[in-house]
Protein chains: 2
Amino acid sequence: MSGEDAPAQQQNAVDQKQETKPTEEPKSEQPKTEPAPAGAAEAAATPAAPAEKVPEEETFSYRALVLTGYGGYDKVKLQVKKGKPALKSGEVLVRVKACGLNFADLMARQGLYDRLPSPPVTPGMECSGVVEAVGEEVTDRKVGDKVMVLNRFGLWQEVAVVPASHTFLIPEGMSFEEAAALPVNYITAYMMLFDFGNLRPNQSVLVHAAAGGVGIAATQLCQTVKDVTVFGTASASKHETISQGGVTHTIDYRTKDYVEEVRKISPKGLDIILDPLGGSDTHKAYNLLKPMGKLITYGAANMLAGQRKNLLAVAKNWYHQFSIHTLSLIQGNKSVCGFHLGYLDGETELIAQAMSTVLDLHKQGKIKPRIDSTWHLEQVGDAMRKMQERNNIGKVILTTEPMPEEEKKEEAKKEDKKEDKKKEEKKKDDKKKDDGKKEEKKDEKKKEEAKKEEKKEEKKEEEKKEEPKKEEK
Amino acid sequence: MSGEDAPAQQQNAVDQKQETKPTEEPKSEQPKTEPAPAGAAEAAATPAAPAEKVPEEETFSYRALVLTGYGGYDKVKLQVKKGKPALKSGEVLVRVKACGLNFADLMARQGLYDRLPSPPVTPGMECSGVVEAVGEEVTDRKVGDKVMVLNRFGLWQEVAVVPASHTFLIPEGMSFEEAAALPVNYITAYMMLFDFGNLRPNQSVLVHAAAGGVGIAATQLCQTVKDVTVFGTASASKHETISQGGVTHTIDYRTKDYVEEVRKISPKGLDIILDPLGGSDTHKAYNLLKPMGKLITYGAANMLAGQRKNLLAVAKNWYHQFSIHTLSLIQGNKSVCGFHLGYLDGETELIAQAMSTVLDLHKQGKIKPRIDSTWHLEQVGDAMRKMQERNNIGKVILTTEPMPEEEKKEEAKKEDKKEDKKKEEKKKDDKKKDDGKKEEKKDEKKKEEAKKEEKKEEKKEEEKKEEPKKEEK
């Protein structure tokens, strides 16, 4: 349970900090015939390789989602890229089949996630696919391998180049969608519960957003330990599903105070609290810990209010950010941990160990990713909206499968309606702000600034839009 | 390794928060003939019970160390108490054989430990001895049981009354001295390493004060896990001993920067750091953690400078106290934990579990308390001095064995010299302060205040001394 078993794979690439280049418009100054990399002779036989004389580097094209600027759902555009990305030593080229959406992607779109380079850039931290070419010195991956991929960014596209050490073989019988749903959520939940949390029999765990990707993974992982009590928050409509998934006590955070609800059942508090919310919820979590309890904070979802960056929400989150003195920790016998997989991207060995254990549990049938819904690349906005509005139960997935023609037509109609929708949303956002005003008169000044800032940003974005939209669909 | 095995003992007294009353001069309004408590008929046969008619409650006397006021080593006095302490339900009376000294006792003497009630009070968090009487409803202890005891305070005396749930049977073959050396240090080291630390094979651990009680316990416990690298700080003269004890890399913190020394060997940092120092050393520790590393802080030894409370040292420690924001923890993937057994005194079950595992390891020969030196109750000042001046390797123990007459005479001679010594110490302290002045001109003002405060306190103590010293030896 504790990740002691060293993984069988990828020890050769520890600490290799290469990053996927988003490969915007690769230059065609490369040699006309691709040099055959050692041990990768099959690369030439890749299914995407054209048969004629025109160099593949030039005819090769693929679709990619690109974040064009910080803002709402429409900031992620589908573009077509030309030219085959070059492979460096230790890298593989993956033909992507499915991609996972994560909360960090939503934060990134609003400019709230510092692990994503500035736009334009292709987001995406996880995907599944097939190895289509391997670079020099790659010995443990070959063309045709089905893999899942973890990367700092750049995976929401049909073709991705990543270090081989960032890929993991998909086990027999796992679909591409499941494989795209697994890495971030399960490694996150596993490392939080079993490394920082040191989860043991008879303990109690609070899982916020228990119907979300990490929530479901954490609940399943809690089931692998004897007599663990899981408290899970979710809106009431999701309670039946999460109960079936293993949540012992469901709490509707929208209508009830979760602290009170937990205290009713576990007056002394909890052993482990997973906190994706941040802000004042981290304070609550800390106070809800038993002696020897562990608070593991792994996000700041409270910063996300509306589809565009809400400076007020951000400021509030910073203002309420939890800060702790060691003497308080000593007197409480408590532990406060922070986790984010995005900041672990150099730790290939640690991640490989966790992945190895997670895949083992999958093999034993103890965990299984739950897919909420699958969307075409064209629908990425709707996919993000579903997740951000907390309407999902399980993982939201993007597929690179081409969209059927009739669906495309439907989508086009939707596009027309989007302008109206946008206006509506703006109204909604404004209404929310008005409601907020009533509640928080103190923050009046900050809000004014936030609005100004927002308008400025919108203006900037409008200007950017005026730039030539070459290749944009 | 992870304390999953439930202990066999004392589940019946969980959360029983009774505390040992220091039993200052118990009133003799108790019934003349002690009511025989259920299941404790043997109590009457206790070796200390006198044969004549005079009620035992009145003739019963015992020696006790009493902290008479905050200050230097001489504030802990040996006194004689009269009257047999009454037993409440669930309590046992222990004839104490040996007591352990802990850093918290030194802090307490200076008024820096809030778990000790105000003077006059008997200090002492751990001891070993023999059960001499049992109260009602005690089913798992009987007269004659050899036990070790953990209590919030009140154990530095010949007779102690404690909840039965605070006692643990001494295993066959363990001496009273070893038994008095074990509870605090080994439970502390065990819970830090295996609960918060989640220590696993191939990890690296920094143990400060590796020749101290917790340091030696932690080093031994690290040996129970495969391929753990232990970095241990101690002054050079102790290096051979701690190396033999299992420290992989010894560091002389007096002549070298331990951060640099660690980085030379482990450039990426460490998995676990046990920090008894506090202040700026906690900052260093945090920066020295690997991703997924755990910093466990369990004291503020940096506050102890000189034998009397040094307000400047205290202020500095507070000023430099480590405080951490959750977003930093997230970006670093780090854990900060606080531990102190003194604040866990209600957690009988947790402690019993840890003790059970520790005793199991002792049975397997994997751990063994190391006694530095044993002192008579009369010598408590010297015992404390040895520990505070870091001259010990292992545990400093007090024995309740009567002091041989010739030793007493020697001690008396020493007493005469003590006044001179005291003056000398005062000079030393003053010199230190002068040195400090040169280094820290900025703190001039604070220091002045500190001096004033010290003088005030000394005056107060002087006044207290003037009070009748009845029964004082």
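In this text the structure is predicted, and so the values were computed from the model without any measurement. Numbered from 1 within each chain, the chains take letters A, B, ... in sequence-line order.
- Within residues 273-291 of chain A, the residues having any heavy atom closer than 4.5 Å to a heavy atom of chain B are A/Thr282, A/Pro291, listed by residue number.
- Only the backbone of B/Tyr298 has a heavy atom closer than 4.5 Å to any heavy atom of chain A.
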(request) Let me see the working for A/Glu347 and B/Asn333 under side-chain contact (heavy atoms from CB on, under 4.5 Å), right down to the final yes or no. (result) CA-CA 11 Å; A/Glu347 300 300 318; B/Asn333 282 294; over 6 Å; no
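- The residue among A/Leu295, A/Thr297, A/Leu341, A/Thr326 with the most heavy atom pairs within less than 4.5 Å of chain B is A/Thr326.
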(request) Evaluate the criterion side-chain contact (heavy atoms from CB on, under 4.5 Å) for residue pair A/Asp195 and B/Lys294; output intermediate values, then yes/no. (result) CA-CA 10 Å; A/Asp195 191 329; B/Lys294 288 124 195 141; 2.3 Å; yes
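- Counting heavy-atom pairs under 4.5 Å between each of A/Asp114, A/Ile330, A/Leu344, A/Leu329 and chain B puts A/Ile330 at the top.
- A donor-acceptor contact shorter than 3.5 Å is absent between the side chain of B/Asn198 and the backbone of A/Phe196.
- One finds the OG atom of B/Ser335 at 13.5 Å from the CE atom of A/Met192 (value rounded to the nearest 0.5 Å).
- Listed by chain and number, the residues in a salt bridge (Lys or Arg N to Asp or Glu O under 4.0 Å) with A/Lys226 amount to none (sequence neighbours excluded).
- Here B/Gln331 contributes atom CD and A/His340 contributes atom NE2; the two are 9.5 Å apart, rounded to the nearest 0.5 Å.
- You'll find the side chain of B/Ile324 stays beyond 4.5 Å of the side chain of A/Val336, heavy atoms only.
- There is no contact between B/Ile296 and chain A, counting heavy-atom distances below 4.5 Å.
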